[in-house]
Novice: 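Have a look at this one before I ask anything.
Worth knowing before you read on, the calculation uses all heavy atoms, side chains too, and leaves out hydrogens, waters and symmetry mates. Residue numbers begin at 1 in each chain, while the letters A, B, ... track the order of the sequences.
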Number of protein chains: 2
Amino acid sequence: MRRPSARVNAALAALDRAELRKTPQRIAVVHALVDDTSHPTAQQIFDRLRRQMPTMSFATVYNTLAALERAGVCRSLRLSHDDSARFDPMVEPHDHAVCDRCGRVLDVPRARERAEIQEFRVRAVERVYRGECQQCQSIGGS
Amino acid sequence: MRRPSARVNAALAALDRAELRKTPQRIAVVHALVDDTSHPTAQQIFDRLRRQMPTMSFATVYNTLAALERAGVCRSLRLSHDDSARFDPMVEPHDHAVCDRCGRVLDVPRARERAEIQEFRVRAVERVYRGECQQCQSIGGS
DNA sequence: ATGATGGTTTAGAATCATTCTTGGTTACAA
DNA sequence: TTGTAACCAAGAATGATTCTAAACCATCAT
């Protein structure tokens, strides 16, 4: 346990705001996730944590990651058809580049244009718009 | 069985090109999928086909959809975290709009800009670049 | 301290989508 | 016809994720 990074502190503050207790398990997940840019899966985070905290349950990792996502600490991504969910501690809007061959996932800041992604040879772009369809708008509600 | 649409014929021709037999099961899947813009799941396609072809197996639907994707007849999409794969018979490059509330998936032609998607209130955009990372490029190969 | 309360964790079972296996069937070639 | 390879049905197996039940633990009032 080294000195807490700014990201760790921000994540713990978000736990407070979401009225979630700062349990040892949750703090451990925050530490494992928050400075990791490799977009790890729940399994990978579990494997790491298990070493330091052998009683940690797999379900706790899943539950905690879901709680952290609701608290705005991370986002989950489903980037390939055969892969499990990946978790991204960068919550500011940005895009992703996925390598067809090794599966590596890179963060792509919004500022960059497609052609400018350094060192990545782009084969295709997929865009997903999230929002409300006409029917659901007309129904109204939250 | 009504008169075959242009899309059906194109799909069957693609089966030929891929050297896949035009079996009754595959033809049925092609008919069920090819003019459907609702982005159905394998389960939905299976449910429909089962009525006309009660011996159809679920695994056959999966295998056939995978074969059709390899043959370039459709594409599979994984658009939400809790949902199963959806199949899209439109293979020309285009994007998708996903309703947060009802899950409906709409096709968005590339020509349109984000703000121009008719009748859809956009909350967020996600972009995924597919290609090759630097490391895999330097390794070379196919 | 004691006990009640409610959120949390654990371990394992359950669920769900997807893939695999096995054995039988079909199409086509020799 | 016989052989061969592709194909299919049915159900088992796999793997990710979620659920359940019981135990745990902090907090608060007695």
Novice: In whole Å, I'd like the distance from the CZ atom of Phe58(B) to the P atom of dT19(C).
Specialist: 11 Å
Novice: Which is more 5' along DNA chain C, the nucleotide nearest Arg21(B) or the one nearest Ala42(B)? Just name the residue.
Specialist: Ala42(B)
Novice: Grab the CZ-P distance between Arg78(A) and dG15(D) for me, whole Å please.
Specialist: 16 Å
Novice: Starting at CZ of Arg70(A) and ending at C1' of dT18(D), how long is that distance when rounded to a whole Å?
Specialist: 13 Å
Novice: Whether Arg26(A) contacts dT9(C) is assessed here as follows: a side-chain N or O lying under 4.0 Å from the phosphate OP1 or OP2. Is that the case?
Specialist: yes
Novice: How many Å lie between NZ on Lys22(A) and P on dT8(C), as a whole number?
Specialist: 12 Å
Novice: Within the 4.0 Å heavy-atom criterion, would you say Thr41(A) contacts the bases, only the backbone, or no part of the nucleic acid?
Specialist: nothing
Novice: Of Glu19(B) and Arg50(B), whose closest DNA chain D nucleotide lies nearer the 5' terminus?
Specialist: Glu19(B)
Novice: Identify which nucleotide among dA16(D), dA9(D), dT9(C) has an atom closest to any side-chain atom of Met56(B), counting heavy atoms from C-beta outward.
Specialist: dA9(D)
Novice: Side chain of Ala59(B): nearest nucleotide among dA17(C), dC8(D), dG11(D)?
Specialist: dG11(D)
Novice: With a cut-off of less than 4.0 Å, is there a side-chain N or O of Gln43(A) near OP1 or OP2 of dG15(D)?
Specialist: no
Novice: What integer distance in Å separates Asn63(B):CG from dA17(C):P?
Specialist: 17 Å
Novice: Is it true that Gln25(A) and Thr60(A) share a donor-acceptor pair across their side chains at a distance under 3.5 Å?
Specialist: no
Novice: For the pair made of CG in Leu68(A) and C1' in dT8(C), what is the distance, rounded to whole Å?
Specialist: 14 Å
Novice: Where do Val108(B) and His96(B) come nearest, in terms of heavy atoms and distance?
Specialist: CG2-C, 4.0 Å
Novice: Would you classify Thr23(A) as touching base, sugar-phosphate or nothing, given that sugar-phosphate means primed atoms plus P, OP1 and OP2, and contacts are heavy atoms under 4.0 Å?
Specialist: sugar-phosphate
Novice: Compare the minimum distances between each of dT10(C), dA9(D), dC7(D) and the side chain of Gln25(B), then state the nucleotide with the smallest one.
Specialist: dA9(D)
Novice: What integer distance in Å separates Asp47(B):CG from dC16(C):P?
Specialist: 14 Å
Novice: Give one of base, sugar-phosphate or nothing for Ala85(A), where a contact means two heavy atoms less than 4.0 Å apart.
Specialist: sugar-phosphate
Novice: I want to verify a distance call: between dA17(C), dA11(C), dC7(D), whose nearest atom is closest to the Leu20(B) side chain?
Specialist: dC7(D)
Novice: Think Thr55(B) has a side-chain N or O under 4.0 angstrom from the OP1 or OP2 of dA9(D)?
Specialist: yes
Novice: Has Thr64(A) got a side-chain atom pairing as donor or acceptor with Val61(A)'s backbone, closer than 3.5 angstrom?
Specialist: no
Novice: Write down the distance between CD (Glu69(B)) and P (dT19(C)), rounded to a whole number of angstrom.
Specialist: 10 Å
Novice: Using a 3.5 Å distance criterion without hydrogens, assess whether the side chain of Arg101(B) forms a donor-acceptor pair with backbone atoms of Glu132(A).
Specialist: no
Novice: Only one of Arg17(B), Arg26(B), Arg7(B), Lys22(B) passes side chain to side chain contact (heavy atoms under 4.5 Å, CB included) with Leu12(B); say which it is.
Specialist: Lys22(B)
Novice: Out of dT17(D), dA9(D), dA17(C), which has the shortest distance to the side chain of Tyr62(A)?
Specialist: dT17(D)
